[in-house]
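Remarks on the structure that follows.
Numbers here simply count residues along the sequence, with the first being 1. Side chains included, hydrogens not; waters and symmetry mates left out as well; all remaining heavy atoms used.
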Amino acid sequence: MSHNRSQAEMLLWYQEQIAAQTTMLHRLNRGISLFSWLRLTAFVLLLAFVTLFALYAIHVFLFLSALALIALIVLIVRHQQLYRRRDAASTLLQIQQNEVDSIHGRGNFYADGQAFAQRLPFADDLDLFGKHSLFHHLNRATTSFGQELLAEALIAGAKEKERILLLQAAIDELSGDMAFNQEIQRRFVQAYAEKDLQEPRSAKEFVKLFAQKTYKTAAWLLPAVTWMALLVFVFTGISALFVVLSTFSLLAAFAQNRKMMLLAEETAGIGHSIKAYSEALSLLTKRKNESVVLLEMQGQANEAIDALRELGRIAEWFDRRANVFLYVAGNALFAYDLQLALRYENWKSRHFFRMEEWLMTTGRLEMLISLAVFKHNYPDFCTPTVTEAVQIHAGNLGHPLIQAEKRINNDVQIQIDPRIVLVTGSNMSGKSTWLRTLGLNVILAQAGAVVCADSFCWKPMPVHSSLRQTDSLHENTSLFMQELKQLKSILEAALQPQPCLVLLDEVLRGTNSEDKFSGSEALIKRFYTCNSLVVMATHDLKLSALEQSAGGKVTNQCFESQITGGQLIFDYKIRPGVAVNRNATWLMQHMGIISE
């Protein structure tokens, strides 16, 4: 579909898709109901014709019985196909409805990434992980590999211009192919909904448990002699040799059961997930890829598809060992366990060390689809431009997690110099949200994603922040000490030759006002020599005087509020200068906490 649609048109498109899937589901449900009756009818006719043939021995009834049996088999196969189509349509409907819910801010059924929060000291500052976080808003990855790579894209991001451009091209290409994206999503969502499903695992090394030549010899010799003994029994009636050899084969399988259990643990429950992986990679190879990243992944997928399909079949055969009849008959007649173990270990010897690469390729595809769906869902967001100058210039920059109807956008001009922006303003005026707006959009840009702006030009750089602080019971440190540790880490990063974006919100709150001012002033002066961009929100208006003494390295910006008609009003627009309005005393009076 077109890249040029508005978000209203995008929502309408999703509603049309939902209506089409709903109609499809109704039709499939009617078909399933019809085929249930047809199966019952065919079964009753089969019983009737068999009974009539048994009673009267008329060959017409035998012929009709055969026709009824064939009809029943065809109806069963067709019925199962309808069930699978209904499951697929139901999952697609769930995915499409989820997109509408996500756009409207009603949540997202994919994982919220809370498990990744501990990897980044300031993840909580910027709402990167957890419920309603940036990760949660972006994530369309079902596999742990896709989630891992998406989290890594937000935590580390790309810093090289060439890498970012390659990611942007791949994301742009996928954003125009929502049918492909949703089909990949559907396959993983369905597979991971299976009971007892396990993800395939990669390891650094493996040990062959059936490497001895004796096992290979036994794998063909035991079935051969057992079947020869069976033929002897059929033609001569002498069963002793067959009984002895089949029993020996079964006991040989029992003797290797411990080793087989170890192999079975490796493949337990991965049949459905491996099938989804191979199908996803197969779909990737069938589409006409154009971007460098997707073409590279297509090459990896071509190598992986057949190997993963074979592994999926092997995993299913391991699962079938739980069937007692299959276990006994298979090992007595075919040395089932030995054949299976040798095939699995042969597979590992050929493909084991490529497995991690293939799993990460599917994860990479999910990561790109997550960012492509984000671009598709927000057509008014822009693709950022990389520059060599240390700067962030943006037109109508907004917070990507705030709904469009509630979001207030602002222009940004941050560069060297002035490299330090002091932001003042009253409580609730938008200072903290503005800091998060800057941080989140830079992180999005470095993941290759679109950003919430009309235009965005920046130099890729790490983001460091100190916006929210909590004490650490684990380390037995107070909130104030925790903040000092964070500030030390940030300053060390900012002093490096590589530029970074530093976001600070009301530092040193755990001390008295005089100590806070002197400490904050000294900290700001340490940033004078850094090749970094620093945005610091503060209530301490005395710090604004640094603009006059810092030699052009500091500038003041502010958010204002007004009390009009007994109402506190914010416009959430940033402007040059120092905030002059206050609201804390008025709010306390208005709420009856203090008297006027």
Side-chain angles (χ1 to χ4, degrees), residues 14 91 93-157 171 181-182 184-194 197-199 273 276 359-360 362-378 381 398-404 406-407 432-433 435-437 439-452 463 465 467-470:
Y14 275 122
T91 305
L93 179 62
Q94 180 188 10
I95 289 167
Q96 289 157 356
Q97 184 59 58
N98 183 64
E99 297 304 335
V100 175
D101 291 341
S102 179
I103 291 171
H104 285 303
R106 295 194 290 260
N108 174 17
F109 68 65
Y110 286 92
D112 62 17
Q114 182 60 49
F116 302 109
Q118 298 303 315
R119 296 192 186 181
L120 201 64
F122 57 85
D124 188 51
D125 285 354
L126 300 178
D127 300 315
L128 276 186
F129 301 107
K131 200 166 184 63
H132 304 300
S133 64
L134 181 63
F135 179 96
H136 196 198
H137 195 58
L138 293 172
N139 185 32
R140 298 298 182 271
T142 304
T143 73
S144 66
F145 307 102
Q147 293 170 23
E148 174 81 26
L149 289 174
L150 179 60
E152 187 63 23
L154 300 182
I155 292 171
I171 291 164
N181 297 337
Q182 291 183 354
I184 297 294
Q185 290 176 258
R186 177 189 73 77
R187 290 172 189 270
F188 282 121
V189 169
Q190 276 190 256
Y192 276 64
E194 292 288 339
L197 177 133
Q198 296 291 328
E199 274 199 328
S273 58
L359 296 178
M360 296 310 286
T362 57
R364 196 177 178 194
L365 179 59
E366 281 195 300
M367 181 269 287
L368 291 172
I369 286 174
S370 296
L371 300 177
V373 170
F374 181 65
K375 177 180 174 69
H376 172 272
N377 288 352
Y378 296 92
F381 287 13
H399 195 298
L401 302 183
I402 297 177
Q403 297 296 296
K406 299 178 181 178
R407 185 170 61 233
S432 299
T433 299
L435 295 178
R436 294 188 181 94
T437 297
L440 288 175
N441 280 293
V442 168
I443 287 170
L444 279 172
Q446 288 162 188
V450 292
V451 298
C452 183
V463 178
S465 70
L467 308 183
R468 295 175 178 144
Q469 292 296 333
T470 57

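Put simply, the side chain of Asn441 gets close to the backbone of Cys452: a donor and an acceptor are under 3.5 Å apart. Checked by atom type and distance alone, the side chain of Asp101 never pairs as donor or acceptor with a backbone atom of Gly107 at under 3.5 Å. With hydrogens and angles ignored, the 3.5 Å screen pairs a side-chain donor or acceptor of Gln403 with a backbone N or O of Ile103.
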Derivation of the side-chain contact (heavy atoms from CB on, under 4.5 Å) call for Gln182 and Val373 = CA-CA 9 Å; Gln182 291 183 354; Val373 170; over 6 Å; no

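Within the 4.5 Å cutoff, the side chain of His132 has no heavy atoms near those of the His137 side chain. Within the 4.5 Å cutoff, no side-chain heavy atoms of Val442 are placed close to those of Val451. The side-chain heavy atoms of Val463 and Ile443, taken from C-beta on, include a pair separated by under 4.5 Å. Side-chain contact between Phe145 and Leu149 is absent, with no heavy-atom pair separated by less than 4.5 Å. Proximity of Ser465 to Leu435: side-chain heavy atoms (C-beta onward) are nowhere separated by under 4.5 Å. Side-chain contact between Gln147 and Thr142 is absent, with no heavy atoms from C-beta onward closer than 4.5 Å.
Closest non-hydrogen pair, Tyr110 versus Ala141, comes out as CD2-O, 3.6 Å. Considering all non-hydrogen atoms of both residues, Phe374 and Val450 come closest at CE2-O, 3.5 Å. Between Leu128 and Ser133, the shortest heavy-atom distance links the atoms O-OG, 3.3 Å.
Taking OG1 of Thr143 as the reference point, atom CG of Leu359 lies at 8.5 Å (rounded to 0.5 Å). Annotation: the span from Leu154 atom CG to Leu138 atom CG amounts to 6.0 Å, rounded to 0.5 Å. Atom CG of Leu401 and atom CG of Leu440 lie 6.0 Å apart (nearest 0.5 Å). Here the CG atom belonging to Leu126 is positioned 7.5 Å from the CZ atom belonging to Arg436, to the nearest 0.5 angstrom. Once rounded to the nearest 0.5 Å, the distance linking CG of Leu368 with CZ of Arg364 reads 6.5 Å. Expressed to the nearest 0.5 Å, how far CG of Leu134 lies from CG of Asp127 amounts to 9.0 Å.
Applying the ring pair (Phe, Tyr, Trp, His ring centres under 6.0 Å) test to Phe135 and every residue at least two apart in sequence or in another chain returns Phe116, Phe129. Taking the salt bridge (charged side-chain N to carboxylate O under 4.0 Å, His left out) definition, one finds that Arg187 meets it with Glu183, Glu279, sequence neighbours left out. Under the rule for a ring pair (Phe, Tyr, Trp, His ring centres under 6.0 Å), the partners of Tyr14 that lie at least two apart in sequence or sit in another chain are His376.
In the model, Asn181 has no side-chain atom that pairs as donor or acceptor with a side-chain atom of Gln185 under 3.5 Å. For Asn108 and Asn98, the side-chain atoms include at least one donor-acceptor pair closer than 3.5 Å. Counting only N and O atoms by type, the side chains of Arg186 and Gln190 include a donor and acceptor under 3.5 Å apart.
In Gln118, the CD atom is not crowded: 12 or fewer heavy atoms of neighbouring residues, nucleotides or ligands sit closer than 6.0 Å.
A salt bridge links Glu148 with Arg119; the closest basic N to acidic carboxylate O contact falls under 4.0 Å.
Between Arg140 and the options Met367, Glu99, Glu366, a side-chain contact (heavy atoms from CB on, under 4.5 Å) holds for only Glu99.
With ring centers used as reference points, Phe109 lies 6.0 Å or more from His136.
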